[in-house]
*Asks:* 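I am attaching a structure below and will ask some questions about it afterwards.
Below, all heavy atoms of this structure are taken into account, side chains as well, without hydrogens, waters or symmetry copies. Numbered from 1 within each chain, the chains take letters A, B, ... in sequence-line order.
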2 protein chains.
Amino acid sequence: MTTGHTTKNLIRDAARSLFAEHGYNGVSMREIAQDVGKHPGGIYNHFPNKQAILVDVMQENLSRSHEAVIAPLNDDLDPSHRLEQFVRSHVRYNIANSDDIFIAYMELRSLEPDGAAHILKERKDYESALRSILRDGQNAGVFKISDPAIHARSVLSMLAGVTVWFRQSGPQTPTDVVECYVQAALQSVGATYSTPPER
Amino acid sequence: MTTGHTTKNLIRDAARSLFAEHGYNGVSMREIAQDVGKHPGGIYNHFPNKQAILVDVMQENLSRSHEAVIAPLNDDLDPSHRLEQFVRSHVRYNIANSDDIFIAYMELRSLEPDGAAHILKERKDYESALRSILRDGQNAGVFKISDPAIHARSVLSMLAGVTVWFRQSGPQTPTDVVECYVQAALQSVGATYSTPPER
DNA sequence: GTCTATAGAGCGATAGAC
DNA sequence: GTCTATCGCTCTATAGAC
C-alpha cells in the first residue's frame, strides 16, 4: 500500500502485516527485520524504537482514510445521500485496507500516552463527521435514531467488523459486500435504502 | 463474575481483567500472580501454563453467554420478536461482561490450534443461531436483507462494539444503551422497531 | 546504511524445601 | 498448596566495525 520501496517503507509494510496478524506485543523486531531481509539492529537506522513503527503505521492509515472518506464528503447533499456516500467509501476503504483497520481497532491499547493523544484526536474527528450527518438527518426527520452519538459508534463498529471475516479469495465480491453493508448501515439509522441499479 | 473464591477462580478473574486491558501477550504470569497476592510459581498448581488460563477464561464466557442468550430463545415467537429477544439479552450480556466480550474478539489469534478449534466451533454455533433467525425473517418477508450471513456478522460486530466505549460511570444507563442498540440492530435488518413503553 | 555482537531486562516454566 | 530460587530463552535496544 505504501508507495516507494525505500527500506523505511518496506519496514512499515512488514510491520503492518505482522501487527495485524499477531498483534503489536506478539511481534518482535527480529521478525520484522527478517521479513524485510535485514538484520535486527538495522531497523533502528529508520525508526528510533518499536513504538515509533506502530505510531507511524497508525498515522499513515489515519491520513489516508481521511483523504479517502472524510475529505470527499459533499456538504450540499441531503443527509441520506451524504450518509450513503460516507458508508460506501468507508466500507470500500476498510476492505482495501483491512490490516490497517484491524490495527486501528486492536492496538489502541498498545500506544504509549504520547502517540495515543494525537491518534485518539484524529479518531474523534472521524467519528464526529459521521455523528453530524446523523444529527442532520435526525433534525430533518429522515432518520429514526434515539441517540446520534451511540448510533454513530454502532455504525462504525459494524463496518469495522468486515475486516474480521472478509477475504478477497472468498465467495463474495467486494462490490457485493459493500452493497450489503451500505444497506445494513442505512437501515440501522432508519434511512430508506433502495437497491442500486442492476449491474 | 466467577462464583467461589478459590485460588483458581481468583486467578481466572485477575487474568480476565488483565487480558482485557493489555492483551494476552501484554500480560505476564508475574503480573497475574501479583494481582492475586501469590508468587509466580504458584499459578502452576492451578493451571498447566499461560495458554490454559486464556482457554479457561474464553470457555467460561462461552458457556455463560450461551446460557444467557441462546438457551432462552423461544422458537415459538415470530422472527421479529425472536430477534428482539436475542439482541436484548445479547447486549445486556455484553454490557455486564465487557471484559469477556473484548477478549473473545481480540484474542482469538492468541489461541494455539488445539484451544482454537473448540472455541471457534462454539462461536460458529452462536453466529448460526442468529443467522437462522434472519433467514426465517427473510423467508417470511418481514426482514429486508440481501445476505443473512453477512447481516448476521454485521449485527454481531455492531453489538460487540458497545464494550469498546461503554462505561458504567458514563452518562447513559445500561437500559438506555440496550434500547438504543436494539433499535439499531432491528432497523439494520429492516425489521420494524417500536419504542418500548415509557418507563 | 548495514553488519556482528552483546548488554540488560523480562519472560514462561520447573525443581525442591516446607 | 505455597514458597524460594533459578534455568534457559527471547526480548528491545545499543555499540562499534565496515
*Asks:* Over how many whole Å does the gap from A/Gln34 atom CD to D/dC11 atom C1' extend?
*Replies:*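 In whole Å, D/dC11 C1' lies 15 Å from A/Gln34 CD.
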*Asks:* With sequence neighbours excluded, tell me which residues meet side-chain contact (heavy atoms from CB on, under 4.5 Å) with B/Asp125.
*Replies:*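 For B/Asp125 the side-chain contact (heavy atoms from CB on, under 4.5 Å) partners, ignoring immediate neighbours, are B/Lys121.
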*Asks:* For nucleotides 11-17 of chain C, just jot down a letter per nucleotide in 5' to 3' order: B, S or -, based on protein non-hydrogen atoms under 4.0 Å.
*Replies:* BBBB---
*Asks:* Can you name the residues that form a side-chain contact (heavy atoms from CB on, under 4.5 Å) with A/His22, not counting sequence neighbours?
*Replies:*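 By the side-chain contact (heavy atoms from CB on, under 4.5 Å) rule, A/His22 matches A/Leu18, A/Val27.
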*Asks:* A/His46 NE2 to C/dG1 C1': how many Å, rounded?
*Replies:*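 Rounding to the nearest Å, NE2 of A/His46 and C1' of C/dG1 are 6 Å apart.
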*Asks:* Would you mind listing every salt bridge (Lys or Arg N to Asp or Glu O under 4.0 Å) that reaches into residues 19-28 of chain A, with sequence neighbours excluded?
*Replies:*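 Listed by first then second residue: nothing to list.
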*Asks:* Rounded to whole Å, how long is the line connecting atom CD1 of B/Ile11 with atom P of D/dG1?
*Replies:*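 Whole-Å distance recorded here is 11 Å.
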*Asks:* Who pairs with B/Leu186 by side-chain contact (heavy atoms from CB on, under 4.5 Å), at least two apart in sequence or on another chain?
*Replies:*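 Counting only residues at least two positions away or on another chain, B/Leu186 forms a side-chain contact (heavy atoms from CB on, under 4.5 Å) with B/Leu83, B/Glu84, B/Val182, B/Ala191, B/Tyr193.
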*Asks:* Taking only residues two or more places apart in sequence or in another chain, which ones pass side-chain contact (heavy atoms from CB on, under 4.5 Å) with B/Leu62?
*Replies:*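 side-chain contact (heavy atoms from CB on, under 4.5 Å) list for B/Leu62, sorted by chain: B/Ile119, B/Glu122, B/Arg123.
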